[in-house]
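Structure first, commentary second.
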Amino acid sequence: MLTELRRQVGDALAEALDEAGYDADPDLEDPPEGVDADIASPVAFKLSGDPTAIADELASAVSLDDRPLIGWVGTQGPYLNFRASELYFERVLGSATDDGYPTLPEKDETIVLEHTSANPTGPLHIGRARNPVIGDSLARVMRAAGYDVTVEYYVNDMGRQVATITWALDEFDEDDVADLDGRDKGDHDVVRYYRRANEVLEGEEGEEYAERAEREIDELLQALEDGEEGALEHVGETVDRCLEGQLESLERLGASYDGFVRESGYVLDGTVDGVASRLKADSRSYEEDDAYALDLTDWGIDKELVFVRADGTSLYTTRDIAYHIDKFERSDRAVDVLGEDHKLQARQLAAALDALGYDRDPESVFYSFVSLPEGQMSTREGNVVNLDDLLDEAVDRARAEIEKRADDRDRDVDEVEETARAVGIGAVRYDIVARQPQKSITFRWDEALNFDGQHAPYVQYVGARASGIGQKTDAKPADPSDAVAELEAPEERALIRKIGELSAVVEDSADELAPHRLATYSRELAERFNEFYRDCPVMNADEDTKRARLALVTASRVAIERSLGLIGVETPEAM
RNA sequence: GGGCGCGUAGCUCAGUCCGGAGAGAGCAUCGGACUUCUAAUCCGACGGUCGAGGGUUCAAAUCCCUCCGCGCCCGCCA
């Protein structure tokens, strides 16, 4: 609802500026805490003259006709302040229980959002987990913001890594690799072969063996590139085995996909060859030692882009160009969630697409790496914290927390387990999504599993409290207009205001590709609810107040559930 | 070496894009609140030259420059 209020204030102020003969944008902002206003503007500073006098002039020029959400306009020194009307509060309270709240109007824009797209070489570790958590949250936020979003996972079934791992599965037996780590999943299974293969390739078992391995892997890669059916099918089996295990973990995290796009598809149908020949025709591309590269100095990039190897096979980026052309044809926008190590590659991709005549750029969200206190994680080295282990620990910890509470409530085993899952997984997701993607993270178990304050369980707890209040009465919540008239306490007003912000947060978050704003918002919302909860008893209040507060509790509960839901965190009924 | 990113309280982070009204939280520490709607909570105290220095501006954590520290990249890997 704040989006509508903002629009009315913006229009009103723009009109006033125009009438007063000033040429400036309304320049809206949130007033600081302690100022009794909902929206403010420092625009008077920007105009020549005495800012305080100009502010007064503008305030009296503002017309509130046909702008029923604005209740008051005034000044404080050079600042213009606007307050919301009672109608605004009623609308907030009423809209919170609408279907799909806070879905914004349709944007009529299609987006292909690609995220995770992990190499199928082993289990996902906690660093990789930033990708699906950010990506899935972004998908939910952008859908709520009115975009038509298709989420895709790009399956790498063509590259050297998958060839290596396939070779290793042929080369070695169960006896030749490390024992399974106790998880009977495809991703945990095949990584053991991958590690063994890398040991061989690094020459740990002799130069001769390393050379033979490399030769055989090259042959397999060549066969893939040539579209040999047997080779594709063989590698495909390896990829599926690993992918199945990875997807099980992603599903547990709550990330879902609309489609899986295989790299091999673009090689088989000839589009990769087409991309290569079109790039070769570009005057900036050149041949060197039988390989082909595109000079990128025109785009300010020092590093050339090699797009065909000396042996004629394609590279990841070449295939990625084909994929992005396909995305461009299928959508209005292409958004990619990528690790920061892909930054250069993303610029090269954009440059190549430009060279090929596409005037659009893919949009990228980059996240920084997660390291351990002792240093970088590496799947190849094996010094990683697996996502599966983190999720298990989180759920165990949540279960222990539930069980340690003295319980006069009856709770069956399924309910405890379901709540432990929602809280544990929610805590992990929230911990990841709450931080700006570009900030690097040092992973520490005690911090990741800390459930006190500023984390998902804090917000979820508020949701559970709100649920509890509604369940204990037959009294019906009041209608919004009756409720608002009754709800005059500062804590009540602050809570309604905060609920009203959700639509604006969704819009900003989608515009900025910044889902962490939802996490910040959900926490602020929970804080406002706790202040209300502390000072405004519901059940003991007189009948009218009780019904009014019940309406507010219901709206709060929905807002909590929706804001957490947009970052993929569930809200249990009870905790 | 070059490119990109990050640096805000002892620790973990919001705020930075788009400059505005005494820099905000949580954790930790100290002190309070469960016969009262869920104490995974709440209230209070303590804690800051917003990495350093310059500049622009009526106004800078926010914009510009220089420097320092850390991370990522600079593969015919992905």
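Chain A is the first sequence line, chain B the second, and so forth, proteins listed ahead of strands; every chain is numbered from 1. Being a predicted model, the structure only gives us computed values, none of them experimental.
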*Select base, sugar-phosphate, or nothing to describe what A/Glu527 touches, counting heavy atoms under 4.0 Å on all strands.*
sugar-phosphate
*Is any N or O donor-acceptor pair between the side chain of A/Asn530 and the base of B/A39 shorter than 3.5 Å?*
no
*Quote, to the nearest angstrom, the P distance that separates B/G10 from B/G3.*
33 Å
*Complementary nucleotide for B/C27 - Watson-Crick or wobble, under 3.5 Å*: B/G10
*asked:* Taking any heavy-atom pair under 4.0 Å as a contact, classify A/Arg319: base, sugar-phosphate, or nothing.
replied: sugar-phosphate
*Just call it for A/Tyr533: base, sugar-phosphate, or nothing, with non-hydrogen atoms closer than 4.0 Å on any strand.*
base
*Compute whether any side-chain donor of one residue and acceptor of the other, for A/Glu573 and A/Gln471, lie under 3.5 angstrom apart.*
yes
*Going by a 90° cut-off around 0, is B/C50 syn or anti?*
anti
_For A/Arg517, the option from A/Glu501, A/Glu507, A/Glu512 that meets salt bridge (Lys or Arg N to Asp or Glu O under 4.0 Å)_ = A/Glu512
*Reckon A/Thr520 touches a base, only the sugar-phosphate, or nothing at all at heavy-atom distances under 4.0 Å?*
sugar-phosphate
_Between A/Glu152 and A/Tyr323, does the side chain to side chain contact (heavy atoms under 4.5 Å, CB included) criterion hold? Intermediate values first, please._
CA-CA 11 Å; A/Glu152 291 186 353; A/Tyr323 179 32; 2.7 Å; yes
*If you look at every strand shown and take non-hydrogen atoms under 4.0 Å, does A/Ala40 touch a base, only sugar-phosphate, or nothing?*
base
*Rounding to the closest angstrom, what is the interatomic distance between B/G19 and B/C63 at atom C1'?*
7 Å
*5′-ward residue of the pair A/Glu288/A/Ser440 relative to RNA chain B*: A/Ser440
_Closest to side chain of A/Arg465, choosing from B/A78, B/U41, B/C58_ = B/U41
*Just checking A/Glu512: base, sugar-phosphate only, or nothing, at a heavy-atom cut-off of under 4.0 Å?*
base
*Within this structure, what is the NZ-to-C1' distance between A/Lys303 and B/C4, rounded to whole angstrom?*
17 Å
*asked:* Counting only Watson-Crick pairs (N1-N3 plus N6-O4 or O6-N4) and G-U wobbles (N1-O2, O6-N3), all under 3.5 Å, who is the partner of B/C17?
replied: none
_Please name the nucleotide paired to B/G22 by Watson-Crick or G-U wobble geometry with both distances under 3.5 Å, or report none._
none
*Provide, to the nearest angstrom, the distance between the CG atom belonging to A/Asn540 and the P atom belonging to B/U38.*
11 Å
*Could you tell me whether A/Arg465 sits above the aromatic face of A/Phe529, with NZ or CZ closer than 6.0 angstrom to the six-membered ring centre and within 45 degrees of the axis?*
no
_Touch class at under 4.0 angstrom, heavy-atom based, for A/Val423 against every strand present_ = base
*Residues A/Arg528, A/Glu491; criterion salt bridge (charged side-chain N to carboxylate O under 4.0 Å, His left out); working and verdict*: CA-CA 7 Å; A/Arg528 292 298 89 74; A/Glu491 294 81 11; over 6 Å; no
*Base-pairing assignment for B/C74 (Watson-Crick or G-U wobble, both under 3.5 Å)*: B/G1
*Can we call the ring centroids of A/Tyr461 and A/Tyr458 under 6.0 Å apart?*
no
*Who is the Watson-Crick or G-U wobble partner of B/U56, with both distances under 3.5 Å?*
none
*Could you give the NE2-to-C1' distance, from A/His342 to B/C74, as a whole number of Å?*
15 Å
*How about A/Asp446: does its CG atom have over 12 heavy atoms from other parts shown lying under 6.0 Å from it?*
yes
*Atom-to-atom span, CG of A/Leu28 to P of B/A21 - whole angstrom*: 15 Å
*Mind checking A/His516 for me? I need base, sugar-phosphate or nothing, with any heavy atom below 4.0 Å counting as a touch.*
sugar-phosphate
*Considering heavy-atom distances to RNA chain B, does A/Ser467 or A/Asn81 have its closest nucleotide positioned more toward the 5' end?*
A/Asn81
*asked:* Counting the atoms with a prime plus P, OP1 and OP2 as sugar-phosphate, which does A/Asp289 contact under 4.0 Å by heavy atoms, base, sugar-phosphate, or nothing?
replied: base
*asked:* What is the separation between atom CD on A/Gln460 and atom P on B/U41, rounded to the nearest whole Å?
replied: 12 Å
*asked:* For the C1' atoms, the ones on B/G26 and on B/G15, what distance do you get once it is rounded to whole angstrom?
replied: 15 Å
_B/G48 versus B/U66 - spacing of their P atoms, nearest Å_ = 32 Å
*Is the distance from OP1 or OP2 of B/C37 to the nearest side-chain N or O of A/Arg549 less than 4.0 Å?*
no
*Quick one: look up who B/C67 pairs with, Watson-Crick or G-U, both distances under 3.5 Å, and put none if it's unpaired.*
B/G51
_Over all strands shown, is A/Pro78 touching base, sugar-phosphate only, or nothing at heavy-atom distances under 4.0 angstrom?_
nothing
*Are A/Gln376 and B/C72 close enough that a side-chain N or O sits under 4.0 Å from OP1 or OP2?*
yes
*Could you tell me the separation between the CG atom of A/Leu449 and the P atom of B/G26, rounded to a whole number of Å?*
21 Å
*Should B/C34 form a Watson-Crick or G-U wobble pair with both distances under 3.5 Å, which nucleotide is its partner?*
none
_Using a heavy-atom cut-off of 4.0 Å across all strands, would you classify A/Lys546 as base, sugar-phosphate, or nothing?_
nothing
*Return the value, rounded to whole Å, for the distance between atom CD of A/Gln345 and atom P of B/C76.*
13 Å
*When we call it a touch if two heavy atoms are under 4.0 Å apart, what does A/Lys439 touch: a base, just sugar-phosphate, or nothing?*
base
*Give one of base, sugar-phosphate or nothing for A/Glu263, where a contact means two heavy atoms less than 4.0 Å apart.*
sugar-phosphate
*Looking at B/C37, B/A78, B/U38, which one has an atom nearest to any side-chain atom of A/Val538?*
B/C37
*How would you label the contact of A/Tyr458 with the nucleic acid (heavy atoms, under 4.0 Å): base, sugar-phosphate, or nothing?*
sugar-phosphate
*Please state the C1' separation for the pair B/A21 and B/U62 - nearest whole angstrom.*
16 Å
*Below 4.0 angstrom from OP1 or OP2 of B/C13, is there any side-chain N or O of A/Arg435?*
yes
*Quick one: is A/Arg534 getting a side-chain N or O under 4.0 Å of the B/C37 phosphate, OP1 or OP2?*
no
*asked:* Could you tell me how far B/G47 sits from B/U29 if I compare only their C1' atoms? Round to whole Å.
replied: 10 Å
*Side chains of A/Asp336 and A/His342: donor-acceptor distance under 3.5 Å anywhere?*
no
*asked:* Other residues, nucleotides and ligands only: do more than 12 of their heavy atoms fall within 6.0 Å of CG on A/Asp511?
replied: yes
*Is the phosphate of B/A14, meaning OP1 or OP2, less than 4.0 Å from a side-chain N or O of A/Gln436?*
yes
_B/A14 versus B/G75 - spacing of their P atoms, nearest Å_ = 32 Å
*Between the side-chain atoms of A/Gln454 and the base atoms of B/A25, is any donor-acceptor pair under 3.5 Å?*
yes
*Would you say a side-chain N or O of A/Arg309 is under 4.0 Å from OP1 or OP2 of B/C77?*
yes
*Cut-off 3.5 Å, side chains only: do A/Ser368 and A/Gln438 have a donor facing an acceptor?*
no
*asked:* Both distances below 3.5 Å, Watson-Crick or wobble geometry, any strand: find the nucleotide opposite B/A61.
replied: none
*Report the distance from atom CD of A/Gln438 to atom P of B/G15, rounded to the nearest whole Å.*
9 Å
*Determine the Euclidean distance between corresponding C1' atoms of B/C42 and B/A25; express it in Å to zero decimal places.*
15 Å
